[in-house]
Amino acid sequence: MPDIESLLKETRVFKPAPEFARSAYWNRKRVEEMRRLGERNPERFWARMAKEHVSWFTPWHTILKWKPPFAKWFVGGKTNVSYNCLDRHLTGEHAWRRNKAAIVWEGEPGDSRVLTYADLHREVSKFANVLKKLGIRKGDRVAIYMPMVPELAIAMLACTRIGAPHSIVFAGFSAESLRDRINDAGARAVITADGGFRRGGVIKLKQAVDEAVENAPSVEHVVVVRRTENPVDMRPGRDHWWHTLMAEASSQCPPARLDAEHPLFILYTSGTTGKPKGILHTTGGYLTHVTATAKAIFDLREDDTYWCTADIGWVTGHSYIVYGILANGVTTLMYEGAPNHPGLDRFWEIIEKYRVTVFYTAPTAIRTFIRWGEEHPKKHDLSSLRLLGTVGEPINPEAWMWYHRVIGGKRCPIVDTWWQTETGGILITPLPGGVPTKPGSATKAFPGIDAEVYDEDGKPVKPPNGGFLVLRKPWPGMLRGIWGDPKRFREQYWSKYKNTYFTGDGAHRDRDGYFWVMGRVDDVMNVSGHRIGTMEVESALVSHAQVAEAAVVGRPDEITGTAIVAFVTPKGDAEVDDSLRDALRKHVTREIGAIARPAEIRFTDALPKTRSGKIMRRLLRDIASGKESVGDTTTLEDYSVIARLRESEES
Ligand code: PRX
């Protein structure tokens, strides 16, 4: 497996600091105890988590029903996610949390809002009543396309309160992408805003919704939050202002008693084909997974101010800004805007302003901060921080060391957390009070998780060899399927190895059993911690009138991890110049969103293909990254193509 070979030789080890370890919620003893239980009996381990961390209206009768690849967790149990995130903090043992900050929100222009648990409970109950009044019933899908404002969290929790699965579409996606996702899920309502602030400008969300809904027959209602005050068209009968509906809504709305397997949300993610897949998560197992992992991995305490910088439009925001954090009764910070507005120190200013204690971000952001220079964090008092986390892509050891030194002041443990949209919650991670860390390694599987690295034949590889990262047992937060496509669900994740989940990542283990995840092994690119399918970008490119054929590959990039390189064969009559490049970039942005915009476009009159007509991506990857191709090219149909491709570099 030449593609999955690791050149990393990292020998630094950081033991948990004794002061941290002593007071950690999971200290070394507890970590060991949980690992033993998780190994001996993963179901019992998860049942214990479900009892400790989730409040149930009705207890389950069966922990797990596993008919590969379909799992049902906590069968017979009834609960409600919004009840766990809100109501249970207002009564009983934790009643004093009523006036504790649930959401501390900072807008990009510098405005801020604090919602206590009682405030959030009231707003969520009211919006749940609004949804009901609009005719949304249990099981109906609601699409959400919003900036990072508290109403986004309110809308999600309101959906969970009545059992209407939400489908959040990241506000950076285009109208086209939004429409595809609305149609795939058959959403009856869309919640949006007049816009959101980003880098000083306004993102016009309502306009994109108008365009999307034009061809989305399932949508009956659009609810619009007023955020930016920029003018929007409101279509009578279909469009409603959030504040108008809320003004009339009652604040009494009992949470629906939902089955543990009731659909909680759909979240679309890129795969190896052109069409994004709707990853389906359900109620009881997901809630157990994210609540228990958030508590143990972020060592959450009553007085923490926790900040995850992800957008709620990605799974990280679902699980570790909203559900996993609020279910623990902790204060979660939400920031609307960009890290460089108005200055390059915005994040550090926010940490100082709110005395953030736990900070969770992406390696790509850390690499950007390194480039901007340490003088920006140095201007601020970051001494409130006690724990740092990363997610989304492998972190290079030097970035890890910078994070540890400059942001963590050498005193904060770093949790490098590996997981996916499909896994619902974190699966491979350090536990900060009990697991020594190594820069660049996500360390070991969380208790109850059976992760392994397999070779092509499904045998565990011996260290230090690389292979494919797999999960051998079901876990409570796992996806329950791909919305409307059980066939793709089987093929994508369960066909490579029998009864074993294939992650699509390459990894190896070292002699201590630590995992080193090396990135995707399929046709999915990880750009700034976001997944983008090469096929999706290709189909966007070929939908342009002047493109005959396109092949898209990733090349390593210092900041974004991967940069998108497109090899494009224009149609015979096309003018091949920079204005076509511009037009294609705009076209991809319109079709998918700015995150999928190719960093480089190379024009070529032919693409390298095998005799059977398959595009040789490996070769293109080598060319894109400026490597001499070492691989086998004997099946290449036309050798001269390679020479011409090498000359096609964008100047
Ligand atoms: O390749 C792995 C990478 O991100 C992929 C999942 O992407 P997504 O579903 O968008 O979810 C991202 C946030 C959970 C994985 O297949 N990845 C995620 N975390 C790590 C990682 N790679 C290495 N180390 C990580 N900590």
Side-chain angles (χ1 to χ4, degrees), residues 4 6 8 10 168 170 172-173 266-272 276-281 286 289-290 293-294 297 308-321 323-324 360-367 388-397 399-400 403 414-430 437-446 451 453 466 468-471 477-479 482 492-493 501-509 514-533 536 554 560-562 595-596:
I4 319 176
S6 172
L8 249 169
E10 178 58 56
I168 304 183
F170 171 58
F173 278 119
I266 302 167
L267 181 56
Y268 286 83
T269 189
S270 297
T272 49
K277 39 193 184 187
I279 302 301
L280 175 68
H281 286 288
Y286 171 85
H289 187 163
V290 297
T293 50
I297 297 162
C308 164
T309 67
D311 191 288
I312 290 177
W314 308 106
V315 74
T316 306
H318 284 59
S319 301
Y320 299 108
I321 295 179
Y323 296 128
Y360 190 33
T361 196
T364 186
I366 297 168
R367 291 191 298 267
L388 303 175
T390 69
V391 58
E393 51 182 319
I395 182 163
N396 41 312
W400 195 102
Y403 197 34
I414 297 180
V415 290
D416 171 353
T417 61
W418 178 90
W419 56 297
Q420 308 178 303
T421 305
E422 292 87 340
T423 70
I426 297 168
L427 296 191
I428 303 179
T429 178
T437 53
K438 303 182 189 183
S441 168
T443 74
K444 295 197 170 186
F446 191 77
V453 180
F468 301 109
L469 182 63
V470 298
L471 301 160
M478 70 192 278
L479 77 165
I482 295 177
Q492 183 82 43
Y493 307 106
Y501 174 89
F502 174 57
T503 64
D505 278 355
H508 73 101
R509 299 181 81 165
Y514 276 37
F515 288 91
W516 298 76
V517 177
M518 288 171 290
R520 306 292 307 190
V521 291
D522 52 10
D523 289 330
V524 175
M525 300 169 287
N526 190 328
V527 181
S528 298
H530 300 311
R531 264 161 68 170
I532 298 164
E536 254 176 282
T560 59
T562 304
I595 46 165

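Note that ligands are numbered from 1 as they come in the structure, with each ligand's atoms numbered from 1 the same way.
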Report the C-alpha separation of Tyr501 and Leu479 in whole Å, then their side-chain angles, then the decisive distance to 0.1 Å, and conclude whether the side chain to side chain contact (heavy atoms under 4.5 Å, CB included) test is met. CA-CA 11 Å; Tyr501 174 89; Leu479 77 165; 3.9 Å; yes
Is the closest side-chain heavy-atom distance between Leu471 and Thr503 below 4.5 Å?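 SC-SC contact between Leu471 and Thr503 confirmed.
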Location of contacts on Ala442 toward ligand 1, heavy atoms closer than 4.0 Å: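 For Ala442, there is no contact with ligand 1 at all, from either part.
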Among non-hydrogen protein atoms, atom 25 (C) of ligand 1 lies closest to Glu393 O, 3.5 Å
Quick test: of every protein heavy atom, which one is nearest to atom 10 (O) of ligand 1, and how far off is it to 0.1 Å? Arg531 CD, 3.4 Å
To which of Ser441, Gly392, Gly561, Ser319 does the heavy atom nearest atom 3 (C) of ligand 1 belong?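 Going through Ser441, Gly392, Gly561, Ser319 one by one, Gly392 has the nearest heavy atom to atom 3 (C) of ligand 1.
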Using heavy-atom distances, let me know which of Thr423, Ile426, Thr316 sits nearest atom 13 (C) of ligand 1.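 Closest candidate by heavy-atom distance is Thr316.
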Atoms in ligand 1 with a heavy atom of [X] nearer than 4.0 Å:
{"X": "Asn526", "answer": "3 (C), 4 (O)"}
{"X": "Asp505", "answer": "1 (O), 2 (C), 15 (C), 16 (O)"}
{"X": "Thr421", "answer": "8 (P), 9 (O), 10 (O), 11 (O)"}
{"X": "Val391", "answer": "13 (C), 14 (C)"}
{"X": "Val517", "answer": "22 (N), 23 (C)"}
{"X": "Trp419", "answer": "6 (C), 14 (C), 15 (C), 18 (C), 19 (N)"}
{"X": "Thr417", "answer": "19 (N), 20 (C), 25 (C), 26 (N)"}

Under the rule for ring pair (Phe, Tyr, Trp, His ring centres under 6.0 Å), what residues qualify as partners of Tyr320, not counting sequence neighbours? Phe298, Trp419
According to ring pair (Phe, Tyr, Trp, His ring centres under 6.0 Å), who are the partners of Phe502, at least two apart in sequence or on a separate chain? Phe468
Short N/O distance, under 3.5 Å, between His530 and ligand 1? no
Contact check: Thr269 vs ligand 1, nitrogen or oxygen atoms, below 3.5 angstrom: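 For ligand 1, there is no N or O atom that lies under 3.5 Å from one belonging to Thr269.
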Per the side-chain contact (heavy atoms from CB on, under 4.5 Å) rule, which among Thr390, Thr316, Leu388 passes with Tyr360?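 Among Thr390, Thr316, Leu388, the one meeting side-chain contact (heavy atoms from CB on, under 4.5 Å) with Tyr360 is Thr316.
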Working to the nearest 0.5 angstrom, can you tell me the gap between Arg531 CZ and Gln420 CD? 6.0 Å
For residues Thr421 and Tyr268, is any side-chain donor paired with an opposing acceptor at under 3.5 Å? no
Taking every non-hydrogen atom, the tightest pair across Glu422 and Thr269: OE2-CG2, 4.0 Å
Are the side chain of His318 and the backbone of Ile312 linked by a donor-acceptor contact shorter than 3.5 Å?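 Here the side-chain-to-backbone pair exists.
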